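One structure is given here, and the rest of the page talks about it.
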Protein chains: 2
Amino acid sequence: MDAPVLPPTRRRRGASGITLGDVARLAGVSPITASRALNTPQQVAPETLARVRAAVERTGYVPNRLAGGLASARSRLVAAVVPTIAGPVFMETVESLTAALADSGYQLMLGQSGYADSREDALLEAIIGRRPDGIVLTGIMHSATGRRRLMSSGIPVVETWDLTPTPIDMLVGFSHADAGAAVADYLHARGRRRPAVLSGDDERARRRLQGFTRRLQQLGTVADAADVAVRLVPAPTTLGSGRAGLAALLDLDPAPDAVFCSSDLLALGVLTEAAARGVAVPERIAVIGFGDLAFAGDSHPSLTTVRIDGTGIGRLAARCIVERAEGRSVEGRVFDVGFSVIERASA
Amino acid sequence: MDAPVLPPTRRRRGASGITLGDVARLAGVSPITASRALNTPQQVAPETLARVRAAVERTGYVPNRLAGGLASARSRLVAAVVPTIAGPVFMETVESLTAALADSGYQLMLGQSGYADSREDALLEAIIGRRPDGIVLTGIMHSATGRRRLMSSGIPVVETWDLTPTPIDMLVGFSHADAGAAVADYLHARGRRRPAVLSGDDERARRRLQGFTRRLQQLGTVADAADVAVRLVPAPTTLGSGRAGLAALLDLDPAPDAVFCSSDLLALGVLTEAAARGVAVPERIAVIGFGDLAFAGDSHPSLTTVRIDGTGIGRLAARCIVERAEGRSVEGRVFDVGFSVIERASA
DNA sequence: ATGAAAGCGCTAACAT
DNA sequence: ATGTTAGCGCTTTCAT
């Protein structure tokens, strides 16, 4: 039998080599009609629709989104950048972001910036190269070069977990300085006069620390910022560094009567060390965490902390991107989701 | 001046509309040469290379990987599926996977399967549609339909965190039954004769549980599987369910003298509840966790647990995918990374 | 070492 | 409601 005249090797097609054209042929329509049947079914006659769907079913066709994205300039891909996945802080946000995006037919690409700026450029290149419909920045950002690059890329950007004065584009976060101040108020109202801070050494934690000490000065708890005992530990914070941190703080004279920790994990370490030493919490020392992670309500004593709605942040970030991608305009570009101090037993 | 004759609206190009063609023109070469300069520089004359690189620099060109992927049938995208991102268990694996892939020029796409099978089909469709060069399945898998679909997609698949008898393709994991048995041995050797299990209700934990009780029978610790007190808690496990779990186990008569927890978080909850009740660990009850999360060494008492090299799993999974994608063959398709019981103070 | 032609699989822009 | 045409931006194949 004569094979039809074809160029020698028809090229390796993706193993599941069924294309829209194949489906269309099987359904007896043109490719564009098949495309419409899948993407905008209301534009297609019911009977045609049924034929196309049957053809899809029979062939097991899965549309190639690379091709679709190239043709339509909409990749339906969203990139998220986190300093590290292994930190518990942003997980909630990434989780809800992933879920919310999936609901709208978008997929999440994950990038780790690390806590260093060096690989950041490579990461941006990798991300922009995929032409995502949006980029969600979580936590720390960014070299000035990186910011400029993002702006000129024209890709919608949502920065999260912070409220910076000059956002790249959109912003979903809260004021870390205000959160620190709120904790200062809380401790002051409960009569604590020798507060200390145990803090991871990252930018946002430092901002909370600043807000905290500043408010303590305003309240008259301390005369000078230097009067607040501060112990910095390297990021990421751990239970172990919390234990070591409390040990160090207890050696001070006078010993503090409260510790504001920059993370719940740190606070859990403080509780652990206090229990190990027989130091009564909150009687001898009050402990406040940050984040309200899942375990905060179940520690012993239960942990007073600052709650951030990480899930809400993720969901809102997703909405910002999706609305923009679909050409709908969002009312506003800066969203303050706030925070709340959750009173429990430890303070 | 006469504009060159062009179709009316040249179509909206991606905002940063610089293409390889633009770069090539600027460098005075053909597009394909510019392409080679970027992808296989050794094929290009040094002087040409320099001109192309200069043009890239000047224009801020970022290659469109959607187009590249479409043309080359290599997306340099890898999909990872986890039940949930918010669980601490797989974070380490996802982190090292992301990092290892990035080092080889691949990007990670994240999908959440949830603990339910319902959305799984949609997720697979979304993933396969992107034509990733590989798929990493972490934890639970999968409806028979899903497995078949993956196999017929022709995309390399790595299942992780488990050793199943009939892998879809490649496998990087360890035997949960063996891990359970090892814990049984450990407790038996230390004279514990009334061991209990506090376990999240998921498949792999159940497999460990089975290995655990079976070995206890072999050892003669119990006559019957039903003699091992088992308390199941819903996944995901929390510190709170650990506390509640111990409370329930202590009500038994006779009370257990050891608890094997299906996660470190659960074990931390047990330690917490024990401390709150003044139950001495390990004297009155020994506690063993699973996972060796970061905090395990720092709890009070420090936690005896089973260590899994999550980072190694991620790195190895990345290697499997990358080697396959680059056409190199990997020696073997099943890798047992094992586990180790870490002896600390709690047991 | 470089280039010309063709096409990856899909969708936007016009038809009709 | 459906089809035709012309690309999206890149890489493959085959020449030179």
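Convention: sequence-line order gives letters A, B, ...; per-chain numbering from 1. As a basis for the values below, the full set of heavy atoms in this structure was taken, side chains included, without hydrogen atoms, waters or symmetry mates. All values reported here derive from a predicted model rather than from experimental measurement.
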Measure [atom1]/[X] against [atom2]/[N] and give the value in whole Å, please.
{"X": "A/Arg65", "N": "C/dG9", "atom1": "CZ", "atom2": "P", "result": "15 Å"}
{"X": "B/Arg76", "N": "D/dT11", "atom1": "CZ", "atom2": "C1'", "result": "13 Å"}
{"X": "A/Asp22", "N": "C/dG9", "atom1": "CG", "atom2": "P", "result": "9 Å"}
{"X": "A/Arg25", "N": "D/dG3", "atom1": "CZ", "atom2": "P", "result": "14 Å"}
{"X": "B/Asn64", "N": "D/dT11", "atom1": "CG", "atom2": "P", "result": "10 Å"}
{"X": "B/Leu70", "N": "C/dA6", "atom1": "CG", "atom2": "P", "result": "18 Å"}
{"X": "B/Arg74", "N": "D/dC10", "atom1": "CZ", "atom2": "P", "result": "17 Å"}
{"X": "A/Arg131", "N": "D/dC8", "atom1": "CZ", "atom2": "P", "result": "14 Å"}

Residues that [X] engages under side chain to side chain donor-acceptor pair (under 3.5 Å), provided they are two or more places apart:
{"X": "B/Thr59", "result": "none"}
{"X": "B/Asp162", "result": "B/Arg207"}
{"X": "A/Ser96", "result": "none"}

Listed partners of A/Arg53 passing salt bridge (Lys or Arg N to Asp or Glu O under 4.0 Å), at least two apart: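 Partners of A/Arg53 by the salt bridge (Lys or Arg N to Asp or Glu O under 4.0 Å) criterion come out as none, since no residue qualifies.
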Sequence neighbours excluded - salt bridge (Lys or Arg N to Asp or Glu O under 4.0 Å) pairs with any residue from residues 29-50 of chain B: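 Of all non-adjacent pairs touching residues 29-50 of chain B, those that pass salt bridge (Lys or Arg N to Asp or Glu O under 4.0 Å) are B/Glu47-B/Arg51.
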Sorted by number, the residues of residues 29-51 of chain A with heavy-atom contact under 4.0 Å to DNA chain D: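 Within this stretch, A/Val29, A/Ser30, A/Ile32, A/Thr33, A/Arg36, A/Gln43, A/Val44, A/Ala45, A/Thr48 sit under 4.0 Å of the strand.
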Of B/Ala67 and B/Gly28, the one whose closest DNA chain C nucleotide lies more 5':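 The answer here is B/Gly28.
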Short side-chain donor-acceptor distance under 3.5 Å, A/Ser113 and A/Glu120: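 Note: A/Glu120 and A/Ser113 side chains miss the donor-acceptor criterion.
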